[in-house]
J.: 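Got a structure for you, written out below as structure tokens; questions coming shortly.
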2 protein chains.
Amino acid sequence: MNISAKSKYAVRALIELAQQNNSHPVPIGDIAAKRDIPLQFLEQLFSSLRKAGILNSHRGVRGGFSFKKLPEDVSVLDVVEILDGDVAPATCTIGASCDKSSRCAVRDVWADAKSSLEGVLAAANIADLADREIMMQEEVKEMYYI
Amino acid sequence: MNISAKSKYAVRALIELAQQNNSHPVPIGDIAAKRDIPLQFLEQLFSSLRKAGILNSHRGVRGGFSFKKLPEDVSVLDVVEILDGDVAPATCTIGASCDKSSRCAVRDVWADAKSSLEGVLAAANIADLADREIMMQEEVKEMYYI
DNA sequence: CCGATTCTTGACAACTCCTATAAGCAAGGA
DNA sequence: TCCTTGCTTATAGGAGTTGTCAAGAATCGG
């Protein structure tokens with residue numbers, strides 16, 4: 001399974017939401033505009049994230065989305081798995097020979113690759129990324145001042 | 001970029017070729033039949049592997065393919081990169097905000113994921129996999145004898 | 001209650017990529 | 001010359017991704 005644009009959009013949107021965390025909901029339109037993400041596409045993604053228990057939503061005037069889980073408890077892996085499914089590079093259902101001949105040595109390689117990928121993605125959480133993004137932007141500002 | 005069926009077919013085919021290494025070329029039809037891979041599809045894959053310098057080919061009667069590089073010098077990463085391209089989960093050309101706003105914190109995550117994946121795939125070579133497959137099959141045979 | 005705002009949902013269309021097939025050509029050996 | 005085998009290109013079907021459209025439901029302020 002691939003890491004698609006869905007996950008990339010969603011992570012960026014969640015970072016934006018984490019940075020705007022003013023204790024009141026943020027309309028999805030604001031996030032879409034600020035991060036240049038197709039609005040109605042992002043609606044689908046946030047809907048999935050809400051069903052998965054990561055976000056809260058409130059309808060009506062001054063409604064919007066807010067975090068249900070703490071941003072530091074939401075990893076990139078969570079987002080990817082919700083939107084793109086399992087990150088396994090190979091669901092080992094390739095051919096008949098993989099089914100009948102007991103064991104396939106290559107399967108272990110794909111399994112290792114999966115574990116390794118999961119480890120990296122699980123280590124990155126939204127709160128950290130939001131902080132790091134701000135730090136990066138401040139570095140750039142300083143460069144201009146000097 | 002995803003790890004597609006192409007790479008999986010190719011790795012299995014290379015393992016088969018390594019196991020049949022009788023110093024003379026092996027016809028691609030034999031490999032396709034033994035590993036249950038569509039013949040004309042495998043032809044395309046082996047053609048790419050030949051151009052990449054991994055295989056040698058000989059046409060005509062008693063022709064076929066043989067390794068140009070040693071099987072132990074061919075990693076799974078080599079095969080995947082030849083057939084599927086870069087294993088990067090994200091070519092960071094997503095949206096305008098990634099281009100204009102200097103640096104994107106998420107990009108580091110995708111970069112880490114890529115390195116990690118490359119490490120795992122580079123550690124696995126065809127010769128090892130061929131040996132391990134044979135060992136696995138012998139284990140199964142022993143189980144039946146007991 | 002009314003209307004504006006915002007999320008909710010389902011359908012669907014355009015597009016790209018993957019997988020596989022077809023057909024004909026090239027080369028080498030008997 | 002003929003058969004075997006690899007080589008190349010074109011193409012088609014299918015699946016998945018990406019994005020859009022449209023109607024609807026909930027909530028809030030007035």
Side-chain angles (χ1 to χ4, degrees), chain A residues 1-10 12-13 17 20 24-33 35-52 54-68 80 82-91 93-95, chain B residues 1-10 12-13 17 24-33 35-52 54-68 80 82-86 89-91 93-96:
Chain A
M1 186 64 68
N2 216 0
I3 297 178
S4 68
K6 282 192 284 192
S7 298
K8 299 168 198 163
Y9 279 149
R12 294 203 292 133
L17 180 59
Q20 295 206 5
H24 63 267
V26 179
I28 201 172
D30 292 2
I31 298 176
R35 294 283 174 157
D36 212 21
I37 299 171
L39 170 60
Q40 289 169 314
F41 195 42
L42 186 58
E43 283 176 348
Q44 295 174 16
L45 309 183
F46 268 33
S47 178
S48 298
L49 295 176
R50 180 185 59 82
K51 287 176 188 164
I54 288 182
L55 296 178
N56 271 325
S57 63
H58 296 282
R59 289 200 263 206
V61 180
R62 300 189 64 79
F65 284 87
S66 57
F67 277 97
K68 183 169 188 179
V80 171
I82 290 166
L83 296 175
D84 283 334
D86 212 329
V87 295
T91 51
T93 47
I94 302 168
Chain B
M1 186 65 69
N2 217 357
I3 297 178
S4 67
K6 281 193 284 193
S7 297
K8 298 168 199 163
Y9 279 149
R12 294 203 292 133
L17 180 57
H24 62 268
V26 180
I28 202 174
D30 291 3
I31 298 176
R35 294 283 174 158
D36 213 21
I37 300 171
L39 170 61
Q40 290 168 314
F41 195 41
L42 187 58
E43 282 178 349
Q44 296 174 14
L45 310 183
F46 267 32
S47 178
S48 299
L49 295 176
R50 180 186 58 81
K51 287 176 188 164
I54 289 182
L55 296 179
N56 271 323
S57 64
H58 296 282
R59 291 200 261 202
V61 179
R62 300 190 63 80
F65 285 87
S66 56
F67 278 97
K68 183 170 188 179
V80 172
I82 290 166
L83 296 175
D84 283 334
D86 213 329
T91 51
T93 49
I94 303 167

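Order of the sequence lines fixes the chain letters, A, B, ..., with proteins taken first and strands second; residue numbering starts at 1 for each chain.
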J.: Going by the rule side-chain hydrogen bond (donor to acceptor under 3.5 Å, both in side chains), which residues pair with A:Ser4 if we only count those two or more places apart in sequence or in a different chain?
T.: A:Asp84

J.: To the nearest 0.5 Å, tell me how far B:Ile28 CD1 sits from B:Leu55 CG.
T.: 9.0 Å

J.: How far does CG of A:Leu39 sit from CG of A:Asp30, to the nearest 0.5 angstrom?
T.: 10.0 Å

J.: Tell me whether the side-chain N/O atoms of B:Ser57 come closer than 4.0 Å to OP1 or OP2 in D:dC7.
T.: yes

J.: If you measure from CD1 on B:Ile37 to CD1 on B:Ile31, what distance do you get to the nearest 0.5 Å?
T.: 8.0 Å

J.: Can you see if the side chain of B:Tyr9 gets near the phosphate of C:dT19 - specifically, an N or O under 4.0 Å from OP1 or OP2?
T.: no

J.: Counting primed atoms plus P, OP1 and OP2 as sugar-phosphate and everything else as base, spell out the protein contacts along nucleotides 24-30 of chain D at 4.0 Å heavy-atom distance: B, S or - for each nucleotide, 5' to 3'.
T.: BBBBB--

J.: With sequence neighbours left out, write down each residue that passes side chain to side chain contact (heavy atoms under 4.5 Å, CB included) with B:Gln40, or none if nothing qualifies.
T.: B:Glu43

J.: Give the rounded distance in Å between these two atoms: CD1 of B:Ile31 and C1' of D:dT5.
T.: 13 Å

J.: Would B:Leu83 and B:Tyr9 count as a side-chain contact (heavy atoms from CB on, under 4.5 Å) if you check the C-alpha gap in whole Å, the side-chain angles of each, and the deciding distance to 0.1 Å?
T.: CA-CA 10 Å; B:Leu83 296 175; B:Tyr9 279 149; over 6 Å; no

J.: Supply the atom-to-atom distance A:Phe65 CZ to A:Ile54 CD1, rounded to the nearest 0.5 angstrom.
T.: 12.5 Å

J.: Measure the spacing between CG of A:Leu45 and CZ of A:Arg50 and express it to the nearest 0.5 Å.
T.: 13.0 Å

J.: Strictly below 4.0 Å: does A:Ser4 bring a side-chain N or O up to OP1 or OP2 of D:dG16?
T.: no

J.: Could you list the residues that satisfy side-chain hydrogen bond (donor to acceptor under 3.5 Å, both in side chains) with A:Ser66, not counting sequence neighbours?
T.: none

J.: Expressed in angstrom and rounded to an integer, what is the separation of B:Asn56 atom CG from C:dG28 atom P?
T.: 13 Å

J.: Which parts of residues 37-50 of chain A get close to DNA chain C, meaning a heavy atom less than 4.0 angstrom away?
T.: A:Glu43, A:Gln44, A:Ser47, A:Arg50

J.: Whole angstrom is fine here: how far is it from NZ in B:Lys8 over to C1' in C:dT19?
T.: 12 Å

J.: Does D:dG19 have OP1 or OP2 sitting under 4.0 Å from an N or O in the side chain of A:Lys6?
T.: no

J.: Roughly, in whole Å, what's the span from CG in B:Leu83 to C1' in C:dT19?
T.: 13 Å

